[in-house]
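In what follows, a single structure is set out as structure tokens and then discussed.
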Amino acid sequence: MGRYDAASMETAALGEASTNGDMFFQLGMMYSTGASVDADYVSAHKWFNLAALNGNSDAIRLRREIAGLMSESEIATAQRAARAWLGR
């Protein structure tokens, strides 16, 4: 799927409901496994980070696992993306 389609998938996954840790967790799973989108550890880390901030304890563990597969630069990029998402 292209980048535009991935953004549409994120929007569809979030829907019009209020966002919560479980929805962010599902997006993290989607990007970490490549389900419906290309696997992308930076995006997965971002969504797991947001899920963890919203109380999803499984996201903490998976974020740590994903981070083990990423460079420091990729982790920093994911953290910036999460902060940017919070600032929207």
Side-chain angles (χ1 to χ4, degrees):
M1 249 183 210
R3 192 159 188 76
Y4 176 77
D5 293 331
S8 296
M9 292 294 294
E10 290 174 5
T11 302
L14 293 174
E16 293 191 20
S18 62
T19 56
N20 64 41
D22 293 334
M23 285 186 270
F24 294 138
F25 180 81
Q26 290 302 316
L27 286 166
M29 290 300 297
M30 193 169 78
Y31 280 100
S32 66
T33 62
S36 302
V37 295
D38 291 336
D40 178 351
Y41 290 153
V42 171
S43 292
H45 190 285
K46 172 185 94 173
W47 292 117
F48 285 142
N49 195 19
L50 292 167
L53 288 171
N54 281 273
N56 188 302
S57 58
D58 290 329
I60 296 168
R61 177 181 52 83
L62 291 173
R63 178 185 59 196
R64 191 174 304 128
E65 287 181 24
I66 292 287
L69 303 172
M70 299 168 67
S71 70
E72 288 183 27
S73 174
E74 290 171 321
I75 293 169
T77 299
Q79 291 171 336
R80 280 192 303 274
R83 283 192 300 272
W85 197 92
L86 288 171
R88 336 171 14 184

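Predicted model only: the values in this text are computed from it and were never measured.
Linking Ile, Leu, Val, Met, Phe, Trp and Tyr residues whenever their side-chain heavy atoms come within less than 4.5 Å places L62 and M70 in a single cluster. When hydrophobic clusters are built by joining Ile, Leu, Val, Met, Phe, Trp and Tyr residues whose side-chain heavy atoms come closer than 4.5 Å, directly or via intermediates, F25 is grouped together with L69.
The minimum heavy-atom distance between I66 and S32, with the atom names listed, is CD1-CB, 3.8 Å. Here the closest non-hydrogen pair linking Y31 and D38 is CD2-O, 3.9 Å. Between A52 and A59, the closest heavy-atom pair is N-CB, 3.7 Å. Nearest heavy atom pair, residue G28 against residue A44, reads O-CB, 3.6 Å.
Crowding of Y41 atom OH: a count of heavy atoms from other residues, nucleotides or ligands under 6.0 Å not exceeding 12.
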For residues 74-82, please give each side-chain donor-acceptor pair under 3.5 Å, one per line with the distance, not counting sequence neighbours.
residue, atom, partner, partner atom, Å
E74, OE1, S71, N, 2.8
E74, OE1, S71, OG, 3.4
T77, OG1, S73, O, 3.0
T77, OG1, R80, NH2, 3.2

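For the atom pair CZ (R61) and CG (N56), the distance works out to 9.5 Å, reported to the nearest 0.5 Å.
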TODO: Begin with the C-alpha distance, continue with both residues' side-chain angles, and end with the deciding distance and a verdict on ring-ring contact (aromatic ring centres under 6.0 Å, His included) for F48 and F24.
DONE: CA-CA 6 Å; F48 285 142; F24 294 138; over 10 Å; no
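Side-chain contact between L86 and L53 is present, with heavy atoms from C-beta onward closer than 4.5 Å.
The stretch residues 51-70 participates, sequence neighbours left out, in no ring pair (Phe, Tyr, Trp, His ring centres under 6.0 Å) pair at all.
One N or O on the side chain of N20 and one on the backbone of M23 form a donor-acceptor pair closer than 3.5 Å.
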